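Computed from a predicted model, the values in this text were never measured in an experiment.
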Amino acid sequence: MPVITIAQSKGGAGKTTLALALASEFEALGGSVFMLDADRQNSLLNWHRDRREEGRGGDSLITVEDASQIRDAEIGAAIKRARESAQLVIVDSEGTSNFKTAYAVIPTRSSRLDLERTVETSEMLQKMGGGVPYRVLITQTGQVARSRAEWEIDAQISSALPIFKEQMHTLDAFRAMSNFRMTLAEVEQAGLAKTEKARRIAQSILADVLGEIQNKEASNG
């Protein structure tokens, strides 16, 4: 089963939001998702626990496990167990652990500091086991208004690193997932925010990643 790591050492780049969006859309397709929350803030785990305490998600195909205390030497075994129980594994990492993954997504904002950390993360991934395929996702962007500095940073990112054509805009639907402890589909059903654009972005990113993983596995025989 595919394993996707959300890798970024810089906080505030939207790792948890991205992980939830991808899990939401994979579940909406009827697939089961096992998320390993390896970030010490445990944002994914708190989302999962809160929704269960609120009586939501009892029939959900999304499972979240605390992996923040697992040592690097043991993460491979944890991922193996997760792969045996779900069709997709998503690891929310702090960007510094030696994760065994099929693919990595590096979320980054359009800022100089985020760019520096993104380059560091990409270099780490390239050194892992002959190199882990990855792409950079620019996050928390406005749909219309962008500053000249942001455009310049975006251009630097795209010239230096592989990126997604999509950007993860700052949308009410993405915020609602965290605020109300819901998936995008649940946000839509509850009428809490317009979700069409958010779901289209998440679906596009998910399709790109799964397609690249499939191509890699096919080329490896």
Side-chain angles (χ1 to χ4, degrees), residues 1-27 31-45 47-48 62-109 114 117-139 157 161-164 166 168 201-202 204-217 220:
M1 302 302 170
V3 180
I4 303 171
T5 294
I6 313 299
Q8 175 58 274
S9 58
K10 173 71 170 61
K15 290 192 297 94
T16 299
T17 300
L18 174 58
L20 288 175
L22 297 182
S24 291
E25 291 313 298
F26 194 80
E27 181 192 42
S32 56
V33 186
F34 199 114
M35 294 199 283
L36 290 168
D37 189 353
D39 192 311
R40 283 169 289 185
Q41 294 186 28
N42 280 148
S43 298
L44 281 178
L45 187 66
W47 175 88
H48 185 65
I62 298 174
T63 301
V64 182
E65 180 178 287
D66 183 5
S68 61
Q69 303 303 314
I70 297 178
R71 296 179 298 179
D72 286 359
E74 300 170 344
I75 192 67
I79 290 176
K80 182 179 179 181
R81 291 193 299 271
R83 293 181 69 184
E84 292 171 350
S85 61
Q87 294 167 300
L88 175 66
V89 177
I90 297 176
V91 183
D92 183 358
S93 82
E94 290 182 317
T96 56
S97 296
N98 186 23
F99 287 117
K100 298 180 179 179
T101 183
Y103 199 93
V105 179
I106 309 176
T108 183
R109 293 175 298 184
D114 278 60
R117 295 295 177 268
T118 296
V119 170
E120 291 175 2
T121 302
S122 70
E123 291 174 347
M124 177 269 291
L125 290 167
Q126 291 174 37
K127 294 176 182 177
M128 288 169 51
V132 173
Y134 71 92
R135 260 203 269 177
V136 174
L137 176 67
I138 298 174
T139 64
I157 294 172
L161 301 165
I163 68 169
F164 290 91
E166 295 282 0
M168 199 164 187
I201 291 170
S204 176
I205 296 167
L206 181 63
D208 284 349
V209 172
L210 295 179
E212 292 198 26
I213 292 174
Q214 186 176 33
N215 290 339
K216 177 189 174 185
E217 292 174 345
N220 290 340

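- Of all heavy-atom pairs between Pro162 and Tyr134, the closest is CG-O, 3.5 Å.
- Remark: side-chain polar atoms of Lys15 are paired, donor with acceptor, to backbone N or O of Ser93 under 3.5 angstrom.
- The shortest distance between side-chain heavy atoms of Ile6 and Pro107 falls below 4.5 Å.
- The nearest pair of heavy atoms linking Met35 to Ala23 is SD-CB, 3.8 Å.
- Interatomic distance, NE2 of His48 versus CG of Asp66, reported as 11.5 Å (0.5 Å rounding).
- Taking both residues in full, the closest heavy atoms of Thr17 and Met168 are given as CG2-CE, 3.7 Å, listed atom of the first, atom of the second, then distance.
- With rounding to the nearest 0.5 angstrom, the CD1 atom of Ile205 is 4.5 Å from the CG atom of Leu137.
- Rounding to the nearest 0.5 angstrom, the gap separating the CD1 atom in Ile213 from the CD1 atom in Ile4 is 5.0 Å.
- For the atom pair CG of Leu22 and CG of Leu206, the computed distance is 5.5 Å after rounding to the nearest 0.5 Å.
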Q: Show the numbers, then the answer: is there a side chain to side chain contact (heavy atoms under 4.5 Å, CB included) between Ile106 and Leu125?
A: CA-CA 10 Å; Ile106 309 176; Leu125 290 167; 3.8 Å; yes

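- The CG atom of Leu20 lies 5.5 Å from the CH2 atom of Trp47; values are rounded to the nearest 0.5 Å.
- Side-chain atoms of Tyr103 and Pro2, non-hydrogen and from C-beta on, never get closer than 4.5 Å to each other.
- Shown here for Glu27 and Val33, the closest heavy-atom pair between the two residues is N-CG2, 4.4 Å.
- Of the inter-residue distances, the one linking Ile138 atom CD1 with Glu166 atom CD reads 11.5 Å to the nearest 0.5 angstrom.
- Of all non-hydrogen atoms in Ser68 and Asn42, the two that sit nearest each other are OG-ND2, 3.7 Å.
- Atom CD of Glu74 has more than 12 neighbouring heavy atoms from other residues, nucleotides or ligands inside a 6.0 Å radius.
- Using a distance-only test at 3.5 Å, with no hydrogens or angles considered, a donor-acceptor pair links the side chain of Thr139 to the main chain of Ala13.
- With a 4.5 Å cut-off on side-chain heavy atoms, Leu88 and Leu210 count as touching.
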Q: Start with the C-alpha distance between Thr118 and Ile157, add both sets of side-chain angles, then the distance that settles side chain to side chain contact (heavy atoms under 4.5 Å, CB included), and finish with yes or no.
A: CA-CA 9 Å; Thr118 296; Ile157 294 172; 5.7 Å; no

Q. Under the side chain to side chain contact (heavy atoms under 4.5 Å, CB included) criterion, do Val136 and Ser122 qualify, and how do the steps go?
A. CA-CA 9 Å; Val136 174; Ser122 70; 5.8 Å; no

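- Closest non-hydrogen pair, Thr16 versus Ser43, comes out as OG1-CB, 3.4 Å.
- For the side chain to side chain contact (heavy atoms under 4.5 Å, CB included) test with Leu36, the passing option among Val91, Asp92, Leu44 is Val91; the others fail.
- The pair Glu120-Arg117 meets the salt-bridge criterion, with a side-chain N (NZ, NE, NH1 or NH2) lying under 4.0 Å from an Asp/Glu carboxylate O.
- Of the possible donor and acceptor atoms, one in the side chain of Ser32 sits under 3.5 Å from a partner among the backbone N and O of Gln87.
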